[in-house]
Amino acid sequence: MRTAPALLFLLTAVLAYYVYIPLPNTVSEPWKLRVVDALLRGVMILGNLAHDLGLSHRIYVLNFAVNRFEVQGPRSSKAVLVTDTAFAGVQVRVFESTRRKEGELKRAVIYLHGGGWALGSARMRSYDSLCRRMAEDLKGVVVSIDYRLAPEARFPEQYNDALRASRYFLQPRVLARYSVEPSRVGVSGDSAGGNLAAAVAQQVATDSSSPSKFKVQALIYPVLQALDFNTPSYQQNQNVPILYRPLMAHFWLEYLDGDLSFIQPLLANKHTALDVYWTAQGRAKVNWTQLLPASFRKHYKPVAPAHGLAQVVEEVPALLDPRAAPLLAERDVLARLPRTYILTCEHDVLRDDGLMYGRRLEEAAVSVTHDHYEDGFHGCMVFAFWPAYSSVGQRTVENYIRWLDDNL
Ligand SMILES: *[C@@H]1O[C@H](CO)[C@@H](O)[C@H](O)[C@H]1NC(C)=O
């Protein structure tokens, strides 16, 4: 069989071509990222195919793949008791450290997983491992919330689920049941979960009826605005996996129930063009020429078209709602927020969302710790656990938990 080696060569070449994508040379362990990206792209191609054939929604295909390989039951260990339960009708997984003495009160973190408000679960191996480790290292309690996902749930349902479960947990009798010190509870999340964490923190901070307030918020490469898809980080990282720029616009429209034909206008900033009615105070909250230091503005120019498409904001008014886009909150809301940790990655379209929020919080006199990873990419913190181990992922987890340990 003379054709066998030739076929093998061809197959290897096709596979290498498919997996290989150019990456900035400062990205941590580029080949691992390429493999994760290739798997994700493969599933997305299948998802789009199934969607176009009318077999299934593309998001179900992605979620099926994620759940099939990643979801695991609540397994307790000697150090951590793990339980699946419901808080006010919202599914949660609770991790309780067993390392405290009888009667001693613990610290607690409410955690919101990422996945574009459409993917992922508290029961996924990576999030389970992260929350388990947090409970263990902090000798505390971690409540990981399984809010409902798009396309079944749309804004504000994900937010409402996150808020309802958080409020339930913050009740004195519930905190007592878990032996949690009421003044030592924090809220945290990554990516779309960072968005929900920031939104829930704003609501709890301004709600005078809430018996307990958060002591800290910790936001991991959070999504915070959908008004400018041409911040320097969006421009710089549009071709860096795994969160490509059009994918982020797609996630936003699925979350806010907008028509997917708006992806292109969003990417061109047509929804916030200069002839689209919108207030000057609103523009200032996302004006990165003012909010970012020169080292992050680099050589990039603002994209502000003269003529736009007012229809987008008219049909998707939630684009301007701070519950969906926490960066749009007023300064007096921000001023009530607790001590904040923000993690950003250089190779991430969302880098500047986090940077702008940090800057606005500091302007409102909130204490902010900013951890920036020059070799980090979007999602790297969940690539810290087997089998997707990465060195930058490992470092982000260590520094994040150390900050919680020092500040919660
Ligand atoms: C953003 O801020 C700069 C500097 O203050 C200002 O010149 C510019 O007009 C602002 N851009 C918008 C779109 O408001």
Side-chain angles (χ1 to χ4, degrees), residues 155 194-195 198-199 202 219 221-238 243 245-246 248-253 255-256 258 261-335 337 340 342 344-346 348-366 368 370 372:
F155 176 81
N195 166 282
Q202 290 181 1
L219 312 176
Y221 34 74
V223 196
L224 298 166
Q225 59 89 28
L227 296 178
D228 190 346
F229 285 87
N230 292 278
T231 59
S233 60
Y234 263 112
Q235 296 189 46
Q236 176 187 320
N237 298 301
Q238 50 186 307
L243 188 60
R245 191 164 158 268
M248 192 60 241
H250 189 150
F251 279 142
W252 268 113
L253 290 170
Y255 181 37
L256 306 183
S261 67
F262 289 153
I263 290 180
Q264 285 315 318
L266 286 184
L267 294 179
N269 280 358
K270 290 281 191 192
H271 59 315
T272 50
L274 298 174
D275 66 344
V276 171
Y277 172 73
W278 197 38
T279 63
Q281 292 107 303
R283 288 191 195 280
K285 292 173 189 160
V286 291
N287 186 345
W288 56 262
T289 59
Q290 234 167 6
L291 294 168
L292 295 184
S295 57
F296 288 107
R297 289 200 304 269
K298 306 183 188 184
H299 61 278
Y300 296 100
K301 298 274 176 293
V303 173
H307 304 293
L309 200 61
Q311 193 195 352
V312 182
V313 176
E314 283 161 19
E315 284 187 24
V316 196
L319 286 163
L320 302 176
D321 189 329
R323 294 174 304 164
L327 183 60
L328 303 181
E330 298 298 334
R331 187 195 164 112
D332 60 326
V333 171
L334 299 184
L337 286 167
T340 300
I342 296 182
T344 56
C345 293
E346 181 61 21
D348 178 3
V349 292
L350 300 177
R351 180 195 72 198
D352 299 341
D353 281 29
L355 282 166
M356 288 192 282
Y357 199 50
R359 171 69 189 273
R360 290 205 59 223
L361 286 168
E362 278 173 346
E363 284 174 358
V366 174
V368 177
H370 176 216
H372 182 66

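One-based numbering, in listed order, for ligands and for the atoms of each.
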A.B. asks: Verify whether one side chain among Asn230 and Gln235 offers a donor that lies under 3.5 Å from an acceptor in the other.
C.D. replies: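 No pair is found: no donor N or O on one side chain lies under 3.5 Å from an acceptor on the other.
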
A.B. asks: So which protein heavy atom does atom 13 (C) of ligand 1 come closest to, and at what separation?
C.D. replies: Arg283 CD, 4.2 Å

A.B. asks: Let's go through Phe262 and His271 carefully: what are the C-alpha distance in whole Å and the side-chain angles of both, what is the deciding distance for side chain to side chain contact (heavy atoms under 4.5 Å, CB included) to 0.1 Å, and is it a yes or a no?
C.D. replies: CA-CA 9 Å; Phe262 289 153; His271 59 315; over 6 Å; no

A.B. asks: For the residue pair Phe296 and His372, does the interplanar ring angle fall in the parallel (under 30°), tilted (30 to 60°) or perpendicular (over 60°) class?
C.D. replies: perpendicular

A.B. asks: Give the residue, atom name and distance (to 0.1 Å) of the protein heavy atom nearest atom 9 (O) of ligand 1.
C.D. replies: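 Going atom by atom, the protein heavy atom closest to atom 9 (O) of ligand 1 ends up being Asn287 ND2, 4.9 Å.
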
A.B. asks: Taking all non-hydrogen atoms of both residues into account, name the closest pair between Arg360 and Leu328 and its distance.
C.D. replies: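 It is NH1-C, 4.3 Å.
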
A.B. asks: For atom 5 (O) of ligand 1, which protein heavy atom lies nearest, and how many Å away is it?
C.D. replies: Gln290 NE2, 3.0 Å

A.B. asks: Report, in ascending order of atom number, the atoms of ligand 1 lying under 4.0 Å from any heavy atom of Thr289.
C.D. replies: 1 (C), 2 (O), 3 (C)

A.B. asks: Can you confirm whether something in the protein, heavy atoms only, sits under 4.0 Å from atom 11 (N) of ligand 1?
C.D. replies: yes

A.B. asks: Checking Asp228 against Trp288 for the side chain to side chain contact (heavy atoms under 4.5 Å, CB included) test, could you report, in this order, the C-alpha distance in whole Å, the side-chain angles of both residues, the deciding distance, and whether it holds?
C.D. replies: CA-CA 9 Å; Asp228 190 346; Trp288 56 262; 3.1 Å; yes

